[in-house]
Novice: 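Next up is a structure, given as structure tokens.
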Amino acid sequence: MPRPSKPKRVCGLPRFSRFFCEERRENQHHISLTVEEYETIRLIDYLGKTQEECAFSMQVSRITVQALYSEARKKLARFLVEGNNLEISGGNFVIE
């Protein structure tokens with residue numbers, strides 16, 4: 001039985017939560033990025049923190065941050081390459 005997931009700390013919800021390719025407005029595949037994945041991208045890529053600093057800020061292990069970050073980057077790459085809809089929502093988090 002897997003260990004229960006504890007909530008990750010985030011600074012707040014994203015200002016913008018839906019993105020789409022203007023050229024492909026028709027109903028298409030949907031990519032969902034969790035709020036925790038968004039927070040790792042924000043902390044590491046936007047603010048320039050290390051994975052260790054990100055883990056401290058979110059109060060989780062560095063391994064957890066590494067997994068969240070890896071998954072988030074895969075989803076962002078699919079969004080950029082395929083032009084699918086991207087929505088940031090859901091997850092297991094608490095707002096500081």
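Just so you know, residue 1 is the first one in the sequence shown, and it goes up from there.
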Novice: To the nearest 0.5 Å, what is the distance between OG1 on T34 and CG on L68?
Specialist: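 If we round to the nearest 0.5 Å, T34:OG1 and L68:CG are 6.0 Å apart.
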
Novice: Any salt bridge between E52 and R62, counting N to O under 4.0 Å?
Specialist: no

Novice: Show your working on side chain to side chain contact (heavy atoms under 4.5 Å, CB included) between N84 and H30 and close with a plain yes or no.
Specialist: CA-CA 6 Å; N84 294 326; H30 177 82; over 6 Å; no

Novice: With a 6.0 Å cut-off (strictly less than), is the heavy-atom count around CZ of R73, excluding the residue itself, greater than 12?
Specialist: no

Novice: If every non-hydrogen atom of F20 is compared with every non-hydrogen atom of N85, which pair is closest and at what distance?
Specialist: CB-OD1, 3.1 Å

Novice: To check you understand the geometry: which heavy-atom pair defines the closest contact between A72 and T40, and what is its length?
Specialist: CB-OG1, 4.3 Å

Novice: So how far is it from L33 CG to E71 CD, rounded to the nearest 0.5 Å?
Specialist: 9.0 Å

Novice: Given side chain to side chain contact (heavy atoms under 4.5 Å, CB included), test D45 with Y69 step by step and report yes or no.
Specialist: CA-CA 10 Å; D45 290 336; Y69 185 61; 2.6 Å; yes

Novice: Kindly give the heavy-atom pair with the smallest separation between E36 and G91, and that separation in Å.
Specialist: OE2-CA, 3.1 Å

Novice: Check salt bridge (Lys or Arg N to Asp or Glu O under 4.0 Å) between R9 and all other residues, then give those that pass, not counting sequence neighbours.
Specialist: none

Novice: Set out, in order, the CA-CA distance, both residues' side-chain angles and the distance that settles side chain to side chain contact (heavy atoms under 4.5 Å, CB included) for Q51 and I44, then state yes or no.
Specialist: CA-CA 7 Å; Q51 288 185 6; I44 295 170; 3.8 Å; yes

Novice: To the nearest 0.5 Å, what is the distance between CD1 (I41) and OH (Y46)?
Specialist: 14.0 Å

Novice: Between E39 and K8, is the closest basic N to carboxylate O distance under 4.0 Å?
Specialist: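 Between E39 and K8 there is no salt bridge, as every charged N stays at least 4.0 Å from the carboxylate O atoms.
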
Novice: What I'd like to find out is whether the side chain of V94 reaches to under 4.5 Å of the side chain of V10, using heavy atoms alone.
Specialist: no

Novice: Please examine the side chains of Q66 and S70, heavy atoms only from C-beta on, and report whether any two atoms are closer than 4.5 Å.
Specialist: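 Side chain of S70 against side chain of Q66, heavy atoms only: no contact under 4.5 Å found.
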
Novice: Could you give the distance from NZ (K75) to CD (E87), rounded to the nearest 0.5 Å?
Specialist: 11.5 Å

Novice: For the residue pair I88 and F19, establish whether any side-chain heavy-atom pair is separated by less than 4.5 Å.
Specialist: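 Side chain of I88 against side chain of F19, heavy atoms only: contact under 4.5 Å found.
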
Novice: Distance check, rounded to the nearest 0.5 Å: L43 atom CG versus Y38 atom OH?
Specialist: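 One gets 9.5 Å once the value is rounded to the nearest 0.5 Å.
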
Novice: On a heavy-atom basis, which atom in I95 and which in G12 lie closest, and how many Å separate them?
Specialist: CG2-CA, 4.0 Å

Novice: List the residues meeting side-chain contact (heavy atoms from CB on, under 4.5 Å) with F56, not counting sequence neighbours, and say none if there are none.
Specialist: none

Novice: Are S17 and S89 side-chain neighbours, meaning at least one heavy-atom pair lies under 4.5 Å?
Specialist: no

Novice: Taking the side chain as every heavy atom from C-beta outward, state whether K6 and V60 have any pair of such atoms under 4.5 Å apart.
Specialist: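 Of all side-chain heavy-atom pairs linking V60 with K6, at least one is under 4.5 Å.
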
Novice: Identify the two heavy atoms, one from F79 and one from I31, that lie closest to each other, and give their separation to 0.1 Å.
Specialist: N-CD1, 3.6 Å

